[in-house]
Undergrad: 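Below you will find the structure I want to go over with you.
Only heavy atoms go into these numbers, but all of them, side chains included; no hydrogens, no water, no symmetry mates. Naming convention: chains lettered A, B, ... in sequence-line order (proteins, then strands); numbering from 1 in each chain.
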Number of protein chains: 2
Amino acid sequence: MAANVLVVEDELAILELIAVNLEQAGFHVLRASEAETALRLIGEALPDLVLIDWMLPGLSGIELVRRLRREERTRALPLILLTARGAEVDKVLGLEAGADDYVTKPFSPRELVARIRAVLRRRRPEVGEEVLEAGGLRLDPAARRVLAEGRVVALGPTEFRLLHFLMAHPERVHSRSQLLDRVWGDHVFVEERTVDVHVRRLRAALEPYGMAALIQTVRGAGYRFSVQTAQEA
Amino acid sequence: MAANVLVVEDELAILELIAVNLEQAGFHVLRASEAETALRLIGEALPDLVLIDWMLPGLSGIELVRRLRREERTRALPLILLTARGAEVDKVLGLEAGADDYVTKPFSPRELVARIRAVLRRRRPEVGEEVLEAGGLRLDPAARRVLAEGRVVALGPTEFRLLHFLMAHPERVHSRSQLLDRVWGDHVFVEERTVDVHVRRLRAALEPYGMAALIQTVRGAGYRFSVQTAQEA
DNA sequence: CGAAAATGTCACGAAACCGTCACTTTTTCG
DNA sequence: CGAAAAAGTGACGGTTTCGTGACATTTTCG
């Protein structure tokens, strides 16, 4: 998951309270205390969701929502409004302006996290769901399962993602840093040699089916999934 | 499409106006002019969506919404509230009570139909009433009964819905949050780990028939109902 | 009303998984 | 040939994830 959430809130105590809760729930948090900073951050690092307080100095929360909905780039950006209890009218205006949801202060942290998750879930399209087949291997992303000649191959989460990526981009070499970016994630810092270890684990899992040769080492460059050169061993 | 829509509205002129428009749009319309009749109709012929006027004699619209959301059988039922213009507070209360959307009177017929379609679309693709059979299990939604090799399996309501959903979408992984959305319902906020516990209860119920292996854990991803891999233990 | 059933949450322990390291083997190249 | 570089291998500690039993609360129903 590890979604980026931008929190726009001028009361610092509340801002931090929210941030702590979100980070505990596994989100990465960006902070802004007024609309201008928020807009700049959105421009720089397009977050996955923005949590906006209704009361902001300068450009108000609802105006920020309207503005984000108007612009092409941010039109589909999930937005949640924070409103004070009792300001009922505002909430409806917020929803009409294009917010995806709203949360009233004071809020329960659990509800906040639940609503964020719900909104994110609703937005996410299904991608990379096609079944991949090559060299006697069959990888089904929806079922999270790999079959070798009809037999189930036991893979850990990381090995599965690694094989998924390699099979989605076969017959070409991927450097260790590329693999770290695409399989582990951009912002994750791990040693490059970690890739070696997971390649080894993946090979070990394929070995019983005689398919370890599908994952090939290209010395000085990286790894490759290839059916063509697999036989030559 | 041909969805069943129950309209709850005490002003007969408006009720008929709505009914005509909906029928023209291809919906099948049920009518009720107060909450008690509505509840009876919902009990008899579980409609696909209920359109509820805020102002009703006796049990008010919003109380009806709350009640429907509380009860097991109707928790996931799509609800739209009809409110008079200007009654902003009501709308928000309605949404908080669990309505999926609201429409202000006077409304444009086109908007009404559009919102109904939108809410229905957002809903789960209805898990039908058809009998599901897989891996020696037989689930009959109409009878709300599960048979394992001909013998009745004792399941609680939640376990039944969980198994129903899993069997309706077999051979693919469902994350805990997906399951919460589609088995518990969008409006419910419960911990993700709750899913684990119910999976455990479901497995315990299937265990005596040696069918616990049908429900599989996919580490880091969720759960899966699968006949294919069930044997390999 | 009161017993029974169902539900959601928590705490604890076991198992799986991950990243890193030290060491070995293989390859490259002066 | 022999040293250096690159990749393979096995092991280990720490963390995450999941299964399990227990418990309090709510709901159902006689």
Undergrad: So, is Tyr223(A) close to the dA6(D) phosphate, meaning a side-chain N or O under 4.0 Å from OP1 or OP2?
TA: no
Undergrad: Nearest-Å distance, CZ (Arg203(A)) to C1' (dG10(D))?
TA: 16 Å
Undergrad: Rounded to the nearest angstrom, tell me the gap between atom CD1 in Ile215(B) and atom C1' in dC18(D).
TA: 16 Å
Undergrad: Rounded to whole angstroms, how far apart are CG on Leu155(B) and P on dA5(C)?
TA: 15 Å
Undergrad: Does the side chain of Arg201(B) come under 3.5 Å of the side chain of Thr158(B) through a donor N or O and an acceptor N or O?
TA: no
Undergrad: Can you check the Glu207(B) CD to dG19(D) P distance for me, whole Å?
TA: 14 Å
Undergrad: Between Arg176(A) and Asp196(A), does the salt bridge (Lys or Arg N to Asp or Glu O under 4.0 Å) criterion hold? Intermediate values first, please.
TA: CA-CA 8 Å; Arg176(A) 288 170 175 75; Asp196(A) 298 34; 2.8 Å; yes
Undergrad: How does protein reach along nucleotides 19-30 of chain C, written 5' to 3' as B (base within reach of a heavy atom under 4.0 Å), S (only sugar-phosphate), or - (no contact)?
TA: BBB----BBS--
Undergrad: Just the rounded figure in Å: distance from P of dC23(D) to CZ of Arg200(B).
TA: 14 Å
Undergrad: Side chains of Thr217(B) and Arg203(B): does their closest heavy-atom pair fall under 4.5 Å?
TA: yes
Undergrad: Quick one: is Thr217(A) getting a side-chain N or O under 4.0 Å of the dA6(D) phosphate, OP1 or OP2?
TA: no
Undergrad: Check for a donor-acceptor pair, side chain of Glu34(B) on one end and backbone N or O of Glu36(B) on the other, with a separation under 3.5 Å.
TA: yes
Undergrad: Does Phe165(A) have any ring pair (Phe, Tyr, Trp, His ring centres under 6.0 Å) partners at least two apart in sequence or in another chain, and if so, which?
TA: His169(A), His174(A)
Undergrad: Rounded off to whole Å, could you give me the CD-to-C1' distance for the Gln216(B) and dC18(D) pair?
TA: 15 Å
Undergrad: Is Asp53(A) reaching over with its side chain to a backbone N or O of Val8(A), donor-acceptor style, under 3.5 angstrom?
TA: no
Undergrad: In whole Å, what is the span from the CG atom of Leu202(B) to the P atom of dT20(D)?
TA: 13 Å
Undergrad: Choosing from dG19(D), dT9(D), dT7(C), which nucleotide comes nearest the side chain of Asp196(B)?
TA: dG19(D)
Undergrad: Would you say Arg145(B)'s side chain and Val152(B)'s backbone share a donor-acceptor pair under 3.5 angstrom?
TA: no
Undergrad: Quick check: on DNA chain D, is the nucleotide nearest Gly220(B) upstream (toward 5') of the one nearest Ala221(A), or the reverse? Name the residue that is more 5'.
TA: Ala221(A)
